[in-house]
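Report on the following structure.
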Amino acid sequence: MPQTDFTLPGETAVITGAGAGIGSEIAAQLTNAGVDVVINDIDETALADTASALADNDGELSTLVGDASDPDAAQRLVETAVDEFGSLDIVVNNIGIAGPTKPCEDISTDEFLETLEVNLGAMFATARAAIPHLRESESGRIINLSSMSGKRPLRDRTPYTTSKMGVIGFTRTLATELATDDVTVNAICPGSVDGERLEAVIEGQAKSQGRPVDEVAQEFKTVSPMEQFVQAGDVANTVLFLCSEQAERMTGQDLNVTAGIVMY
């Protein structure tokens, strides 16, 4: 079978929210390719587990506990990468929370704003801290994790869908700002990613709508023409491509990884 390899010009990366799930899979792919990575999460145990699992990969892995929605924590994350590895080439803004699952009129202002603060605020804080270093890179990359829910409605998830649509706007604007600095900025819009977080969302939807969990879970799966859930590795593979030389003239895009649910 014919094979080909991506060429990754970037040598160092930071990934937010990488203690588990998609973030840890992205860390696995990048370190396996030889990229040195600093991963961030609020869960110290999860970070340690990921670091242990990836210890034998080619790239070095460093961990930093903290909430990337805190501008000081985001600054420390960027500075750690530069101090330990000498530069910063890749930023993967993966951090995000599901937010509440209930009708809009039942959502408090604090719940709404907290979701935006994490899902958009962390992205802003990390990108802002990283931009001066990415401008010095020969091939800077920013990859923001949005969601298919940033393109289509998701019942009872007003804060989440609002924040994920905001990610797309943030991505396009930043791509325009950094276009002449050889820094590309793209978003990935995953569909329903198999794992504990999806299970929690399904349970929340079922409770909010007064429906059986199994019924909602089946509905989540069958809405895909492939009748499959997305795997974390599917998203990580897309990150790897966007970091590669093969994607050097792609910027401002929002790529769907949804098993066919969203096609625009």
Side-chain angles (χ1 to χ4, degrees), residues 5-70 72-97 118 122-123 125-127 129-134 136-145 183-184 186 188 190 193 195-197 231-245 247 257:
D5 294 319
F6 292 139
T7 302
L8 270 62
E11 297 182 354
T12 64
V14 297
I15 309 171
T16 63
I22 293 173
S24 63
E25 185 64 30
I26 294 169
Q29 291 273 23
L30 288 177
T31 54
N32 190 54
V35 178
D36 297 328
V37 178
V38 181
I39 58 174
N40 148 273
D41 205 289
I42 58 173
D43 188 334
E44 185 173 3
T45 301
L47 281 178
D49 289 344
T50 296
S52 177
L54 305 184
D56 293 333
N57 285 7
D58 291 339
E60 294 185 37
L61 185 72
S62 181
T63 64
L64 187 68
V65 179
D67 180 356
S69 65
D70 175 357
D72 291 336
Q75 186 70 43
R76 285 195 297 273
L77 175 62
V78 169
E79 290 175 353
T80 297
V82 174
D83 291 345
E84 291 194 14
F85 303 131
S87 63
L88 179 60
D89 305 301
I90 299 165
V91 172
V92 182
N93 283 310
N94 173 69
I95 186 175
I97 59 174
V118 175
M123 211 162 279
T126 306
I131 284 170
H133 302 286
L134 295 174
E136 294 177 0
S137 171
E138 293 183 1
S139 56
R141 301 284 194 267
I142 298 177
I143 299 164
N144 301 321
L145 269 291
V183 178
T184 66
N186 292 288
I188 299 174
V193 179
E196 293 181 2
R197 181 170 173 176
Q231 302 300 311
D234 300 329
V235 181
N237 288 338
T238 308
V239 170
L240 204 66
F241 168 70
L242 290 173
C243 290
S244 73
E245 284 185 347
V257 185

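- Every side chain to side chain contact (heavy atoms under 4.5 Å, CB included) that S244 has, sequence neighbours left out, goes to F6, L8, F241, Q246, A247.
- By the neighbour-count criterion of 12 heavy atoms within 6.0 Å, atom CD1 of I97 is densely surrounded, having more than that number from other residues, nucleotides or ligands.
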Side-chain donor-acceptor pairs under 3.5 Å in residues 81-88, sequence neighbours left out?
unit_1	atom_1	unit_2	atom_2	d
E84	OE1	S62	OG	3.1
E84	OE2	S62	OG	3.3

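- Checked by atom type and distance alone, the side chain of S52 never pairs as donor or acceptor with a backbone atom of A48 at under 3.5 Å.
- Counting all heavy atoms, side chain and backbone alike, V78 lies closest to T126 at CG2-O, 4.0 Å.
- Partners of T16 according to the side-chain hydrogen bond (donor to acceptor under 3.5 Å, both in side chains) rule, which considers only residues two or more places apart in sequence or in another chain, do not exist here.
- With sequence neighbours excluded, no residue satisfies side-chain hydrogen bond (donor to acceptor under 3.5 Å, both in side chains) with T63.
- Separation of atoms CG (L54) and CD (E60) is listed at 13.0 Å; rounding is to 0.5 Å.
- A donor-acceptor pair under 3.5 Å links the side-chain atoms of T238 to the main chain of D234, judged by distance alone.
- Shown here are the side chain to side chain contact (heavy atoms under 4.5 Å, CB included) partners of A20, two or more places apart in sequence or in another chain: there are none.
- The shortest distance between side-chain heavy atoms of P9 and D89 does not fall below 4.5 Å.
- V14 pairs with exactly one of V37, I39, L77 by the side chain to side chain contact (heavy atoms under 4.5 Å, CB included) rule, that one being L77.
- The CG atom of L145 sits 7.0 Å away from the CE atom of M123 when rounded to the nearest 0.5 Å.
- The two residues S139 and G10 come nearest to each other via the heavy atoms OG-N, 3.9 Å.
- For T80, there are no side-chain hydrogen bond (donor to acceptor under 3.5 Å, both in side chains) partners two or more places apart in sequence or in a different chain.
- Scanning for side-chain hydrogen bond (donor to acceptor under 3.5 Å, both in side chains) contacts around Q75 gives E79, with sequence neighbours left out.
- Screening residues 30-47 for side chain to side chain donor-acceptor pair (under 3.5 Å), with sequence neighbours left out, gives T31-N57.
- Nearest approach of I42 to G66, heavy atoms of both residues: CG2-O, 3.5 Å.
- Residues I188 and L242 have side chains in contact (heavy-atom distance under 4.5 Å, counting atoms from C-beta outward).
- Closest of all the heavy-atom pairs between L61 and A51 is CD2-CA, 3.5 Å.
- Across every non-hydrogen atom of L30 and C243, the tightest pair is CD2-SG, 4.3 Å.
- Scanning both residues, R141 and T184, for their nearest heavy atoms gives CD-OG1, 3.0 Å.
- For Q29, the side chain to side chain contact (heavy atoms under 4.5 Å, CB included) partners are E25, A236, N237, L240, not counting sequence neighbours.
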